[in-house]
Amino acid sequence: MGGSEWCQLVRYNVVLTYGTFDLFHVGHLRLLRRLSDLGDKLIVACSTDEFNLGKGKVTAIPFEHRVEVLEGCRYVDQVIPERTWEQKRDDVQAYGVDLFAIGDDWAGKFDFLGDLCDVLYLPRTENVSTTELKDLIQRMRASESP
Ligand code: CTP
């Protein structure tokens, strides 16, 4: 499923997504809003600092604060930690997930969950990302320095 022609025929009970959500931005907000519209409960698995470091990714905002921001978001019902790549099948079963959904930068990567739940890739919001925000901040600091 995916694309702008997709229309919702099913309302899900539990929707699950994964992500870092560092420097929370409007792309994150729009994704979470769309996901919460798809079901009754939205669970976000937020990747820990250690898991990110293992991927060579350094977060600007520590895990506990990223969790706090997500928990404060009206579209999110529950936040759990993402500690490993392998936990997804266990999470889907443990939390009774019937839709796994994530941005389409991951298109096809999680199709292996398709025997347990529906899998959906949503279009990303254009022209915003944590990486771009970090680059922008660096450029602003560089232009300010004497
Ligand atoms: N996302 C989105 N639109 C954006 C940016 C992110 O829909 N413009 C979605 C991603 O597809 C993912 C979730 O938000 O499902 C969390 O993405 P994350 O990797 O934390 O954010 P990015 O801004 O993509 O971070 P980075 O630049 O570090 O990859």
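In what follows, residues are counted from 1 in the order of the sequence shown. Read the numbers this way: they start at 1 and go in the same order the structure lists the ligands and their atoms.
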So does Asp115 pair up with Arg89, basic N to acidic O under 4.0 Å?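 Answer for the salt bridge query: yes.
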Indicate yes or no: does Asp105 engage Arg124 in a salt bridge with an N to O separation below 4.0 Å. yes
Atom indices of ligand 1, in the order listed, that fall short of 4.0 Å to a heavy atom of [X]:
| X | answer |
| --- | --- |
| Asp105 | 10 (C), 11 (O) |
| Thr20 | 20 (O) |
| Ser129 | 23 (O), 27 (O) |
| Gly103 | 11 (O), 15 (O) |

Nearest 0.5 Å please: distance from the [atom1] atom of [X] over to the [atom2] atom of [Y].
| X | Y | atom1 | atom2 | value |
| --- | --- | --- | --- | --- |
| Leu122 | Leu35 | CG | CG | 5.5 Å |
| Thr130 | Phe24 | OG1 | CZ | 10.0 Å |
| Arg34 | Thr17 | CZ | OG1 | 10.5 Å |
| Asp77 | Lys41 | CG | NZ | 7.0 Å |

Counting non-hydrogen protein atoms only, what is the nearest one to [atom]? Give residue, atom name and distance.
| atom | result |
| --- | --- |
| atom 27 (O) of ligand 1 | Thr131 OG1, 2.5 Å |
| atom 6 (C) of ligand 1 | Arg124 NH1, 3.4 Å |
| atom 19 (O) of ligand 1 | Lys57 NZ, 4.0 Å |
| atom 20 (O) of ligand 1 | Phe21 N, 2.8 Å |
| atom 9 (C) of ligand 1 | Leu31 CD2, 3.9 Å |

Heteroatom proximity flag, [X] to ligand 1, N/O under 3.5 Å:
| X | value |
| --- | --- |
| Glu126 | no |
| Pro123 | no |
| Ile102 | no |
| Trp106 | no |
| Tyr18 | no |
| Thr125 | yes |
| His28 | yes |
| His25 | yes |
| Asp22 | no |

Is Arg30 touching ligand 1 with its side chain, its backbone, both, or neither, if touching means heavy atoms under 4.0 Å apart?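 Near ligand 1, Arg30 shows nothing, with every heavy atom at 4.0 Å or more.
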Where do Ile43 and Val15 land on the side-chain contact (heavy atoms from CB on, under 4.5 Å) test, with the steps shown first? CA-CA 6 Å; Ile43 302 176; Val15 179; over 6 Å; no
Does Tyr12 form a side-chain hydrogen bond (donor to acceptor under 3.5 Å, both in side chains) with Asp40? I'd like the steps, not just the answer. CA-CA 6 Å; Tyr12 294 93; Asp40 295 330; over 6 Å; no
Who gets closest to atom 8 (N) of ligand 1 by heavy atom: Val44, Asn52, Leu32, Val128? Val128
Can you tell me which residue among Asp49, Thr48, Asp22 is in a side-chain hydrogen bond (donor to acceptor under 3.5 Å, both in side chains) with Thr59?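 That would be Asp49.
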For the ring pair Phe51 and Trp85, is the centre-to-centre distance below 6.0 Å? yes
Here's one to test your reading of the geometry: is the NZ or CZ of Lys88 within 45 degrees of the ring axis of Tyr18 and under 6.0 Å from its centre? yes
Backbone N or O of His25 within a donor-acceptor pair of the His28 side chain at under 3.5 Å? yes
